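Here's the structure, in structure tokens; my notes come after.
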Amino acid sequence: MCRHLGYLGPARTLSSLLYEGEHSMERQSYAPRMTQGNLLNADGFGIGWYEDDGGARRFRRGQPIWTDVSFREVADVIRAGCAVAALRSATSGFPVDESCAQPFRAGTRLFSHNGKVEGFAGVESKLRELAGDLAEVPDARAPVDSALLFAFAARLWREGVTLGDGLAEVVRSVSGLAPGRYNLLASDGTTLAATTWGDSLFVRTTGEAIWLASEPVTEEAAWETVPERSLVTAGLASGVHVYPL
């Protein structure tokens, strides 16, 4: 399936987040180690980050990350202390299109879905009911199953549900409607939250930074496996917490 990564810590270049490490995000686009049947994550990529004013910015493309040499140069001069990056392996039946590349954005929140909704056509109408008014979040209109999961999460966040609890509610509700893989990742600029449901997730903490990733991007032993069917919340002040789903 897809791959994603969340980072929270001292400001660093987007280039370091995407291209550095023995198993960098770029490498995972053509040589993933922990895969659910696919050999490539080459149907788009994106990264979202936060500016000093707290605003969320994004760069997305509907092409393999290794083909965008211009972005690689730009990424070397953009720095951020919080970011969400994603690589896409398109599910059959959905287009390879920039609008489907993640992370999606709702205000200052960024969202990525690594997985798929099995039998999407049979539950699409119910997911649209859960999502609510798609006009509130333009990315929710992307022609892909992940967009409705995102819209549902965005609706919950608007209603006051916390970042992590919103992801947990999406997974619990949608998994009750349809089997699938529901590894979600989100940020609000100061915290990260993620779920494991059908695919891998790892966490790495140092004295000053937190990483969440579908696969470790380095060979360092500090990466810890997040148990299946878990919610992870992470903040520099609050630390990392793992709860069963």
Side-chain angles (χ1 to χ4, degrees), residues 1-21 24-26 28-29 41 44-52 54-61 65 68 71 74-75 78-89 98-115 137-140 142 144 146-147 149-151 153-154 157 162-164 166-168 170-171 182-196 199-205 209-217 226 231-236 240:
M1 300 305 292
C2 310
R3 306 283 84 179
H4 55 206
L5 176 148
Y7 171 77
L8 186 62
R12 56 188 301 149
T13 65
L14 302 188
S15 179
S16 70
L17 294 172
L18 293 171
Y19 302 106
E20 290 184 4
S24 67
M25 288 292 281
E26 180 191 35
Q28 290 177 36
S29 67
N41 296 294
F45 73 97
I47 185 165
W49 68 95
Y50 292 86
E51 301 283 358
D52 292 340
R57 307 289 186 265
R58 291 180 304 163
F59 184 95
R60 299 185 297 161
R61 283 290 182 264
I65 188 173
D68 197 331
F71 174 69
V74 172
I78 300 175
R79 301 176 64 84
C82 183
V84 172
L87 307 172
R88 186 175 183 229
S89 177
E98 184 174 304
S99 68
C100 298
Q102 297 177 55
F104 294 139
R105 179 178 60 194
T108 59
R109 295 181 177 90
L110 298 169
F111 172 98
S112 175
H113 171 216
N114 166 19
V137 278
D139 284 345
V144 65
S146 302
L149 304 188
F150 162 65
W157 294 330
T162 64
L163 190 74
L167 296 188
V170 170
V171 172
Y182 301 112
N183 276 43
L184 310 180
L185 172 64
S187 178
D188 59 9
T190 59
T191 59
L192 300 172
T195 61
T196 57
D199 212 328
S200 59
L201 184 70
F202 293 80
V203 60
R204 173 178 175 247
T205 58
I210 301 169
W211 303 71
L212 293 173
S214 300
E215 301 182 13
V217 298
V226 177
L231 166 68
V232 183
T233 61
L236 294 178
V240 177

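Owing to the predicted nature of the structure, the values given are computational and were not obtained by experimental measurement.
- One finds the CZ atom of Arg58 at 10.0 Å from the CH2 atom of Trp49 (value rounded to the nearest 0.5 Å).
- Taking the side-chain hydrogen bond (donor to acceptor under 3.5 Å, both in side chains) definition, one finds that Thr108 meets it with nothing, sequence neighbours left out.
- Considering only residues two or more places apart in sequence or on other chains, Arg60 meets the salt bridge (Lys or Arg N to Asp or Glu O under 4.0 Å) condition with Asp139.
- Note: Glu215 CD to Arg3 CZ = 4.5 Å, rounded to the nearest 0.5 Å.
- Across all their heavy atoms, His113 and Leu184 have their closest contact at CD2-CD2, 3.5 Å.
- When all heavy atoms of Val171 and Tyr182 are compared, the closest pair comes out as CG2-O, 3.8 Å.
- Remark: side-chain polar atoms of Ser29 are not paired, donor with acceptor, to backbone N or O of Leu87 under 3.5 angstrom.
- We find the CG-CG distance between Leu18 and Leu5 to be 8.0 Å, quoted to the nearest 0.5 Å.
- Scanning for side-chain hydrogen bond (donor to acceptor under 3.5 Å, both in side chains) contacts around Ser112 gives His4, with sequence neighbours left out.
- If you take CG on Leu14 and CD1 on Ile47, they are separated by 4.5 Å, rounding to the nearest 0.5 Å.
- When every heavy atom of Ala153 is checked against every heavy atom of Phe111, the shortest pair comes out as CB-CE1, 4.3 Å.
- Scored by the ring pair (Phe, Tyr, Trp, His ring centres under 6.0 Å) test, Phe59 finds Phe71 as partners (sequence neighbours excluded).
- With sequence neighbours excluded, the residues forming a salt bridge (Lys or Arg N to Asp or Glu O under 4.0 Å) with Glu98 are Arg61, listed by chain and number.
- Under the side-chain contact (heavy atoms from CB on, under 4.5 Å) criterion, Ala140 pairs with Leu134, Val137, Phe150, Ala151, sequence neighbours left out.
- The backbone N or O of Asp199 lies less than 3.5 Å from a partner atom in the side chain of Asn183, making a donor-acceptor pair.
- For Thr196, the side-chain hydrogen bond (donor to acceptor under 3.5 Å, both in side chains) test picks out no residue, with sequence neighbours left out.
- Contact annotation: the side chain of Tyr50 approaches that of Leu110 to within less than 4.5 Å [non-hydrogen atoms, C-beta and beyond].
- Nearest heavy atom pair, residue Thr233 against residue Gly164, reads CG2-CA, 4.3 Å.
- Residues that satisfy the side-chain contact (heavy atoms from CB on, under 4.5 Å) test with Ser99, not counting sequence neighbours, are Asp97, Ala142, Pro143.
- Taking both residues in full, the closest heavy atoms of Ala80 and Tyr7 are given as O-CE2, 4.1 Å, listed atom of the first, atom of the second, then distance.
- A donor-acceptor pair under 3.5 Å is absent between the side-chain atoms of Arg109 and the main chain of Ala154, judged by distance alone.
- Considering every non-hydrogen atom in both Val240 and Ala234, the closest pair reads CG2-CB, 4.0 Å.
- Annotation: side chain of Asn114 is not in contact with side chain of Leu185 (no heavy-atom distance under 4.5 Å).
- Applying the side-chain contact (heavy atoms from CB on, under 4.5 Å) criterion to Ser15, with sequence neighbours excluded, gives Thr13, Tyr19, Ala75, Asp76.
- Residue pairs meeting the salt bridge (charged side-chain N to carboxylate O under 4.0 Å, His left out) criterion with at least one partner in residues 5-21, sequence neighbours excluded, are Arg12-Glu20.
- Considering only residues two or more places apart in sequence or on other chains, Leu236 meets the side-chain contact (heavy atoms from CB on, under 4.5 Å) condition with Leu8, Ile210.
- Remark: Arg79 engages no residue in a salt bridge (Lys or Arg N to Asp or Glu O under 4.0 Å) (not counting sequence neighbours).
- When side chains are defined from C-beta on, Phe202 does not count as touching Val217, because their heavy atoms never get closer than 4.5 Å.
- Here the OG atom belonging to Ser187 is positioned 5.0 Å from the CG atom belonging to Leu192, to the nearest 0.5 angstrom.
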